[in-house]
Every structure is written in structure tokens, then in C-alpha cells.
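Input: one structure, supplied below.
We name chains A, B, ... by the order of the sequence lines, and we start the count at 1 in each one.
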Amino acid sequence: MSKQYLTAHTVDQAHPTEIFSLSPTPTSLFSASGYSDLRIHSTVDPSFPIQQIIPGAHKLGCHHVVTARDGVGNTAASVGFGGEIKIWTRKDTGWELLWEVTPAKSKGGDVWAIALSSDEGFLACTTSDGRIHVWDVAGREIIQTYETGGGGGAGSFAMAVDLSRDGKLTASGHQNGAVYVFNNDAGRLAYSLSGLSKPVRTVSFSPGGKKVAAAGNAGIIALYDMANGEHVGNFSTPSDRPAWITSLDWNDSGEYLLSGSLDGRVKVWDVIRGVCVATHSETDGALWCVRWLPKNERALAPGMSRGEMFCAAGKSRSISFYREATGT
Amino acid sequence: MSLLGLPHAHSRALRCALVPIPCNGSGGGALSQIETLLESILDAISNGDELAIPYRTVRSTRGEDRGGEVVRFPGRTAQEAKRFAALFRIIELSHEALVSGNLITKRNIYYQNIDMFKSQAVVDNIVDNLAFTLGVGRGDLNIVAAAKGLISGDIEFLMRGGAVVQCGLSRDSGFLLPSINSIDKIDFRATEWLLVIEKEATFRTLAASQFTHNCRAGQGVIITAKGFPDLATRRFLCTLSSVRPELRLFALVDFDPHGIAILRTFQNGSKRLEHEDDVTVPHMRWLGVRSGDIISHISVFDDLASQGTESQSSQEVSSQESLVYSEVDSQLEGDRPAKRQKIKRIQDASESIAPLTQGDRKKAIDVMKDICAGDGMDLEVGDLLLELQMMMMLNMKAEIQAVDNFGNITEWLDEKLEEFCLH
């Protein structure tokens, strides 16, 4: 049984160059691109208008912007191509810079991927030499560093990171195909997960933290159980030529996984049955990021449905919003 | 037919493309400066004073003008005395070369006094600093780097000594690029474009296949500086484009941070040799290799590469790889005997594609910073920035050979040159 999603709206030319990252708050969506500014779009209005532009946020462009999943939506973090991390906070007047971690301040290799905990208290970031630093956002200090590959910066480039919503686990995905899960309470490695022998570009915890999904150049999605670290499944569509998967995201109920890939396809997977239930390939060229929008409980503007929505962006420089076809 | 046999006016009429190369004008300035310097040293010797030569290093004085630096003899340390001797020797050789009108190579200087200079780098440094101190270019001292660049194509050089160099003769290896100062006139013939290629191997492949003659976009010339461009090649290109502004200049470099750095050195010059004039070609255009040239093939590369090097990790992966094989098969369109060879070529291609190293990523950031520090972001510069971002996002680099191995580089170049020559 397939599900139907319809294009709800497309924000054309949302950025002047390729869009590399998207991240939603309960009422808005951050977008980041090869251009220096960050843009924030309202997600409670059917035309998804620009709410705020933060000019010159990252001089060399920005590759990751994150918000807290299930969070209140008062904090965001972004990483620029220069390796600098910026933490943003929401004030009555809009988003402003809270503090910045310059490349010199983060130990080891250049910072790449980041993730923010649900309570917006912790920030995990990966480095090009395979380290994962965990920052205390309020204290503005590194409280934990996980080494991989034997330590001493000998690890494989950590291309992806995620924090479980309860903040107990950190997962990292690496260039050499490794996926590691760390126990944050104990401060040590919980699982070293095999199964993908190619670069891992995205890792994502299920909302309950019971599973982690990982994907990348292998073109398949690997699913692991966090109770025992077992590899419990692979998702793929045998009829398609495999393409590098760049982005994964679980919906709020944990029933569906969203994936985006370099061939421009965005797919919705039924996690229980392990099958692809919807495919869209309307975008022109590579997709760099796909995200579900949080379910919205507040009053909606006319024209907004209560059905679940997701968005996708990449090479086309536009942001496409899709909504579930409710059939009513 | 010998050009030399014809009276000058005739040859111009017969070959309207014969372009004279202006003689290097400021050389006289360097000569008089050096002679003044030598005179002051002679005066000092006859007066029994300490000997001193003004000497500023490119690196120490950048940003702040700390003029008045000198090297003394006998000096305060033995090291300074040695430095004086080396500097004096180079000034003497430069003087000799300027008076006689000959060129001397940096390599030659080194080999004449190996014990004194210890390494080629010492000579290179002193020569550049001397030129910087005198406010002239290296070429004005009649000191040149040993020719490194190669050229191939239907173009002819009339040397100042009267010799003729025809670069269109069928020779796989191409010709050593002559020093621009030694060329009197150039016969461009039907040359419409000039392509600089980073890789010598690709240059040789194209030279051997007579690509410059058979290209669909018209006749052209190919040049390689064998990697990072030397001053001689850059000056050569700058002069060519100034005497023939309609000549289209292109660069073909690897899809990696160094490739972009090479392109930018041709376009904007290098930091170390900022004091050199007439060595940039800002309008040189970037033909490739770009992410778009390889991105559509990478999953196939990827799978075939792992086929060769890794054991199968899971059932699912292997079933997908067989799909890739059938994909490759269908592309072959019945070309059965070539099939094995084609797969072999794709495997070779996957070797020319690799993940970025940590050093590559640092270099990419440096080049991006350099790009963003410049004034104004035009379309071309934005394009460079985006491609560096793509390298970092894909975490992948690709050599020029990747394009060749996947398909056929001459076909690819034909398409690119046609596309670029249209705009």
C-alpha cells in the first residue's frame, strides 16, 4: 500500500546557490546554502514566506544548520565551510547570534556535522579526523570528546552525527563506512555497527531512541536496534539504480523514514514493513537535505492541512514542500 | 617553405597572422640599477668600508614597509658573509647576462656554484628577493627558470636568433616552451583557442592524437606547465593574450583544491611572486573538471571500485551491484568485444576518483578564503566557490583522467570547447 504526498508549495530560488541544509522549528524552517546568509521561512502560512534573513552568517557558505527535534525552537546551530560553529537564539525581535566557536577553539580536525539535543542543552559536532565533541550549550564548553580509529585524530572523517531525543546516545557515521553509537551517561562507546562498507553520510535516531538508521554512498538504508546493536534491516528499492543517500529523517511517530539522494529522489519508507511507500523526483538534480515538519497543534492559517508535511532542497536552489494526501 | 627566406614585408602579406612580440622594455632599468650597485661596492672596497647590498625579502616586508634592509660583508655572522657572497655572485651573473643579452637559467646558476648555494631553493629565493628589492621582474634580470612547460599545436615561433620552431609537427611529447623574451614573432595560423592542461599525461595523449588539429571547435594549441604553473609559462600566456586578445584561453585542471589553486594562479597570480608584472591572464576560463562532469557517474564508479577491492558485505548490496552491471551492459549497446575493456576502463576511472584527505579539505578552505577575500563576486568566481563546496560536500576529488577513462576525453573536450566558444 502506498501513501500519497502532494506538492504543497515550492519556494523558488530560495537561495542564490545550492541549498545544503534545512532544519525546522515548530513554526519555521531554517535553510542554509553555499551563499553566506541563513534564511528562515514561516511554516504556518501556506506561501511559506521569508520570516528573517541573517546576512553574512557564514562567509564561505554554510553546510549544516540544525534545530532541536521536539524542541521548543529557541535555539539553532550552524556550521560554515570555514569550520566555524554559530549558535543562534530566538528573541522577540527575531533570531540573533548567541555565541561562536571559531575553528581554533574546537580541538582536532575541522568541524563538519552537528546535532542539537531536544532540550537544546547539548551540541554534538564531528571533525574531519574522526572525533565527536559534545558541547554544553549554556556552559559554552566541551564536556565530552569521543575518539574513533584508535584515538589521537587517526579516525575516519565523521560525516554525520545525531543525538537521541532523550540525550542518552550519540551516533556518528564515517567516511570508511563505520557507524558508532556512544553512551553519553557512561561517556564511552556502546556499539560499533557494521553493514555499510561505504561512506556514511547520514545517521538518525528514531523518536523513541530504540533504533538508528544510517545511509550514504551504498545507496541503501541500514537499520540497527539500540537494545543490542543488531543490524535489523536494509531498505532499498531494487528497481532503481542506487544513488548516494545524503539525508534521512524519522517522522514524529517513528512509522516513516524520509530519505533524499543525489539522483534527486525523495522517498518515504514504511519502517515496519521495510518498503518504500512514496517516491518523488520532481526536483532538478541532487538533493542535499530532506526534513519532516513537526506536527503543528496550533491554529493554522487557511489553506494549511493537518496532514504530515515534509520538505526537500538541494541543487535546484528551491525548497519543495509536500503534504500528505488526506483523502477527505 | 622557409619563412626566413622571404623578405619581411612579403612574409607579413602572406601570413597576416604573424604577430611581433614586444621586446622586454624595462630590462635597461635593471641593468643601470645593478651597475650603480656594483659601482657602490667598488667604491666601498677602495675606501676600505664595509660592503653592503640592499636586500629585502618578499616574505618579511609584505604588509609593512621595513625598507633599508641590507646584507653586509664581512657582516656580523659567518652566515651573513655567505649570504653576501651568494647574492653578489647572482648579481654578477645577472649583469653578465644583461650586458651580453643572453638569458641565464636559475638551474644554471645553481650548477655553476653548487657548493656556494647548497640547494636550488636558495638560488630561487635570492633571485626573487633581488628582483623584489630592485622593483623589477625576474625576467628583467635576464634570469629565467629552466623551461618546464610544453606546447603542441599548429603555431610557429620565429626566435630572435633567427631559428624557427614549428609546434605543429607530429611529436607526441610536444615542444619545450621557449622563453617569451627569446621570441621575435609568432605565426598563429588558424589558432582560435589555447588550452592549458594541468596533467602532462593528458597533454601527451592529446598531442599524440592531434587533437589541436581535429577539434570540432576549430584549431588550437595545448600547453602544460606540468602541475603548478611556473613563471615562464604564465608570462608566456600573458604575452600571447596581450598580442592576440581574441585568442580564447581555457584551463583543464583536476577536480580538487589544487586544481582550483592552479587555475587561480593563472588568473590572479601567486602570493609569493606578487611583485612580478605581466604574468596573469584574468580572462582564462575554466573548462573543467567540475562536479557535474562526474556526479552522474559516481555511483557506478563506486560500485565497480568496491567490486574489485572489497568482499561483499551483504546480500542486498551485491544484488544492487549486479544491477549496476546490467546498467553498464545496456550502455554498451551490443558492443560485445569491447565490454570487458570498458568495464576495465571504468575500474581505472574509479582509481582516479578518491575521497579528500584532511590536507585537501584544509587546502579547499584556504582557497575558498582566498576567493572570498577578493573584491566582488562575479559569476565565474561564484562558480569556483560552489565547486569547492561541492568537493567538500561530496568529500571527493577526481583527476582529469576520470573523464577520459569514463568516456573519451577528446569527445568530452570537443563538446566543452564548442559550448564555451559559443559564449
Evaluate whether atom OH of Tyr35(A) has more than 12 neighbouring non-hydrogen atoms of other residues, nucleotides or ligands under 6.0 angstrom away. no
Please look at Leu386(B) and chain A and tell me whether the side chain, the backbone, both or neither of the residue comes under 4.5 angstrom of a heavy atom of that chain. side chain
Taking the side chain as everything from C-beta on, heavy atoms only, tell me whether Phe157(A) gets closer than 4.5 Å to Gln358(B). no
Nearest 0.5 Å, please: how far is CE in Met393(B) from CE in Met159(A)? 8.5 Å
Evaluate the criterion side-chain contact (heavy atoms from CB on, under 4.5 Å) for residue pair His63(A) and Met392(B); output intermediate values, then yes/no. CA-CA 9 Å; His63(A) 51 76; Met392(B) 292 187 72; 5.9 Å; no
Report the C-alpha distance between Lys369(B) and Phe81(A) in whole Å, list the side-chain angles of each, state the deciding distance to 0.1 Å, and finish with yes or no for side-chain contact (heavy atoms from CB on, under 4.5 Å). CA-CA 10 Å; Lys369(B) 280 183 182 158; Phe81(A) 279 94; over 6 Å; no
Less than 4.5 Å to any heavy atom of chain B: does that hold for the side chain of Ser128(A), its backbone, both, or neither? both
Would you call Lys362(B) and Asp110(A) a salt bridge, taking side-chain N to carboxylate O under 4.0 Å as the test? yes
As a quick check of understanding, evaluate side-chain contact (heavy atoms from CB on, under 4.5 Å) for Leu388(B) and Leu60(A), giving each step before the final call. CA-CA 10 Å; Leu388(B) 284 160; Leu60(A) 305 186; over 6 Å; no
Are any side-chain N or O atoms of Gln389(B) and backbone N or O atoms of Glu18(A), one a donor and one an acceptor, separated by less than 3.5 Å? no
Measure the spacing between CD1 of Ile371(B) and NZ of Lys59(A) and express it to the nearest 0.5 Å. 12.0 Å
Nearest 0.5 angstrom please: Trp244(A) CH2 to Asn395(B) CG, how far? 8.5 Å
